Amino acid sequence: MKKKIRIQDEFWSKYRELVRKEMIPYQWKVLNDEIDIHIERERNDDSIPNEKSHAIENFRIAAGLKEGHHYGWVFQDSDVYKWLEAVAYSLNEYMDEELKSLADSVVDLIAAAQEEDGYLGTYFTIEEPERKLKRLNESHELYCAGHFMEAAVAYYEAVGNKTVLETACKLADYIARNFGEEKIHGYDGHEEIEIGLAKLYRVTGKKEYLDLGKYFLEIRGTNPEFFSNQNKEDGKAPLISGLDKFPQSYYQNHMPLLQQETAEGHAVRLVYMCTAMADIAALTKDEKMLNACKKIWRNIVDKRMYITGGIGSTVIGESFTLDYDLPNDTMYCETCASVGLIFFAKRLLENEFVGEYGDVMERALYNTALAGMALDGKHFFYVNPLEVVPEKGKKDPTKSHVKSVRPEWLGCACCPPNLARLLASLEKYVYIQKDSTILANLFMNCDGQFEVEGNTISIKQETNYPWNKRIQFKVDCEEKTEFTLGIRIPNWADSYFIQVNGEIYDTDDKQGIAYVSKEFCNDVIEILFDMKVEIWDAHTSVRNNIDKVAVSRGPIVYCLEEVDNGENLHLLSLDKNTEFTYQFREDLLGGVGVINAKGCERPATSLSNSNLYQKHKAQIETKERELMLIPYFAWGNRGENEMQVWIRQER
Ligand code: FUB
Ligand code: ZN
């Protein structure tokens with residue numbers, strides 16, 4: 001079953017072009033140290049390498065083309081792999097011969113850096129060959145391998161490059177030879193290889209890759225001592241200082257994976273693990289594994305996810321903490337973690353058509369993921385706060401990770417290329433097809449071609465989403481074909497209205513999806529969602545958000561920024577009787593919908609008042625004023641300033 005989707009959308013094409021025209025060439029220069037930029041540490045930690053990237057040079061040295069030392073993280077190679085994967089998707093959409101030959105040369109370089117036996121990893125090849133696979137909690141060897149496999153599959157599928165696939169298979173075979181019951185009976189500290197192996201299996205049909213991916217998942221947590229035993233045996237200095245001090249849950253290694261019910265530890269690792277679980281469960285029809293990852297999903301979505309689709313509540317270990325612990329100004333919400341949550345949601349949706357999976361995907365995509373990149377495509381957030389006072393990030397050592405302006409690049413550069421590969425492959429998330437049901441999961445202008453029972457079906461989506469509530473699907477079939485078009489009903493839409501060829505179509509949605517089943521030929525299906533400004537309360541257990549509300553419209557979460565509302569955002573509140581006015585502002589932030597509301601401002605105590613505390617006043621005269629909210633994803637594009645998502649509300 002083949003499907004082909006082409007996106008041509010006012011909202012998304014802008015970002016996809018940024019990836020193609022800005023991010024990819026920009027990152028290439030960064031990877032080659034050819035650009036004079038300030039690489040910021042993502043938090044105050046002197047051990048974060050930030051002098052340069054050196055990632056391509058590492059490959060040249062490992063390949064014997066240059067002399068020198070490895071520089072950067074032990075997982076620096078993954079920056080190159082994610083770049084290559086983004087290039088592959090971008091070439092799918094727009095064939096650029098120059099970029100293709102550059103990427104071909106990168107593939108040749110990677111293949112040249114591969115050792116005879118299939119091992120691939122520049123750090124160990126260059127610096128410590130004797131420590132290969134000996135310190136897996138930190139080494140990221142299989143993590144990098146997984147990223148290479150993902151890139152290899154994408155690049156092979158895009159341009160048919162055989163070298164890349166052979167190199168990936170040679171690496172997978174090396175791993176298969178070294179891991180297993182009588183061999184290294186363990187796994188990487190950072191999940192990812194499992195995703196790569198499943199992709200490699202899909203393209204090669206080699207079952208041993210799928211089995212190996214399943215093996216890594218199934219044994220995870222069955223021997224929590226595995227990492228410490230390896231480290232003891234290695235006996236040398238850690239590869240990444242401090243990692244071995246984290247609890248086993250940091251690595252999702254605290255209990256067998258099938259018994260884990262809550263989202264624990266490092267957020268990116270957790271969602272990559274769950275992505276692989278959902279994927280491999282589908283490939284192997286493993287209900288137990290599917291149910292296990294669905295339990296973790298429930299915990300994330302019901303208790304551990306920010307309204308922006310961010311995950312990870314603390315900088316310590318970039319981790320989850322406990323249920324309902326969602327602080328707004330110390331959180332982590334790494335861009336990669338939301339990208340990973342989107343991967344996880346997609347795999348769940350491929351297992352089962354449940355609207356909630358698409359809802360969460362949409363939340364993470366339009367809010368945290370998009371906030372990860374500046375509107376120029378050349379500045380990036382690693383951490384995505386919901387409340388910022390710029391001074392605090394500079395002077396409070398516990399908030400050094402909370403930046404108010406996106407850096408040009410980061411010491412750990414995992415997020416920008418992760419976002420690039422997601423945006424460049426967005427067409428894979430729009431529709432999910434299962435037999436003769438085609439689910440429209442995301443809404444954007446695009447042309448889709450599907451195959452149902454041997455017939456080609458074209459579906460043209462026309463919309464001005466996310467700003468507008470109306471979506472049209474123009475269906476055109478080669479021959480009359482019976483099939484079902486499912487349309488996700490976003491959870492924020494209180495109601496919706498469907499017309500088929502101008503006639504009202506009555507249907508009840510099932511698990512958040514409305515279905516139109518008929519014999520299609522040339523038909524127009526139109527859906528209107530009830531899209532208005534909404535305000536949200538958090539569960540009362542989220543202590544930070546009591547008496548505060550968040551504002552959204554459609555899938556977009558809004559925020560207050562100092563540049564529009566003045567400083568001291570904490571003194572502002574939303575009038576409980578306010579009406580909201582919504583307006584699309586072409587002139588602002590590249591064109592965004594803006595919300596205005598009535599608010600109040602509490603007078604600030606004069607700074608000349610030397611009383612830090614004063615007797616309580618029963619009545620405080622507040623001043624009425626207008627508030628202006630902008631989409632959260634667009635914040636931080638107008639210089640350093642305060643920002644706030646959760647706003648006090650006068651009750
Ligand atoms: O460890 C590799 C990557 O670096 C993780 O996925 C990110 O969270 C960052 O720690
Ligand atoms: Zn990241």
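As the structure lists them, so they are numbered: ligands from 1, and atoms in each ligand from 1. None of these values were measured; they are calculated from a predicted model.
In this structure, K346 forms a cation-pi arrangement with Y429, its terminal cationic atom sitting closer than 6.0 Å to the ring centre and no more than 45° off the ring axis. Within the cation-pi definition used here (under 6.0 Å to the ring centroid, within 45° of the axis), K403 does not qualify as a partner of Y382.
No part of Y332 comes within 4.0 Å of ligand 1, judged by heavy-atom distances. In W73, neither the side chain nor the backbone holds a heavy atom less than 4.0 Å from any atom of ligand 1.
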(Q) Applying salt bridge (Lys or Arg N to Asp or Glu O under 4.0 Å) to K52 and D33, what does each step give before you reach the verdict? (A) CA-CA 6 Å; K52 55 188 171 182; D33 309 311; 5.9 Å; no
Q: Evaluate the side-chain contact (heavy atoms from CB on, under 4.5 Å) criterion for residues E40 and E408: first the C-alpha distance (whole Å), next the side-chain angles of each, then the deciding distance (0.1 Å), finally the verdict.
A: CA-CA 8 Å; E40 267 183 52; E408 290 182 303; over 6 Å; no
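In terms of protein heavy-atom proximity, atom 8 (O) of ligand 1 is nearest to E334 OE1, 2.7 Å. Counting only heavy atoms of the protein, atom 6 (O) of ligand 1 lies nearest to H190 NE2, 2.7 Å. Among protein heavy atoms, the minimum distance from atom 1 (O) of ligand 1 is reached at H140 NE2, 2.7 Å. Nearest protein neighbour of atom 9 (C) of ligand 1, counting heavy atoms only, is Y382 OH, 3.1 Å. Distance from atom 10 (O) of ligand 1 to its nearest protein heavy atom, with residue and atom name: E318 OE1, 2.6 Å. Shortest contact from atom 4 (O) of ligand 1 to any protein heavy atom: C412 SG, 3.4 Å.
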For residues 334-341, which side-chain N or O atoms pair as donor and acceptor with protein atoms under 3.5 Å away, sequence neighbours left out?
from : atom 1 : to   : atom 2 : distance (Å)
T335 : OG1    : F381 : O      : 2.7
T335 : OG1    : N384 : ND2    : 2.9
S338 : OG     : G309 : O      : 2.8

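Counting only heavy atoms from C-beta outward, the side chains of H190 and E138 never approach each other to under 4.5 Å. At a threshold of 4.5 Å between non-hydrogen side-chain atoms, the residues L426 and W12 count as touching.
Here the Zn ion (ligand 2) has protein N, O or S atoms under 2.8 Å from it, and they come to 4.
If you number the atoms of ligand 1 from 1 as listed, the ones under 4.0 Å from a heavy atom of V268 come out as 6 (O), 8 (O). The ligand atoms of ligand 1 that sit less than 4.0 angstrom from a heavy atom of C414 are 4 (O), 7 (C), 9 (C).
Note on ring orientation: taking the six-membered ring where Trp is involved, the planes of Y251 and F227 are tilted (angle from 30° to 60°). The aromatic rings of F75 and Y143 lie perpendicular to each other, with more than 60° between the two planes, well past the 30° mark.
Using 4.0 Å as the threshold, C336 has no heavy atom nearer than that to any atom of ligand 1. Ligand 1 lies less than 4.0 angstrom from a heavy atom belonging to Y143.
Salt bridge status for K236 with E130: present, with a side-chain N to carboxylate O gap under 4.0 Å.
The list of side chain to side chain donor-acceptor pair (under 3.5 Å) pairs with a residue in residues 297-307, not counting sequence neighbours, reads E264-R304, W297-E356, R298-D302, R298-E356, N299-R304, N299-D323, R304-D323.
Taking K378 as the reference, E22 meet the salt bridge (Lys or Arg N to Asp or Glu O under 4.0 Å) condition, with sequence neighbours excluded.
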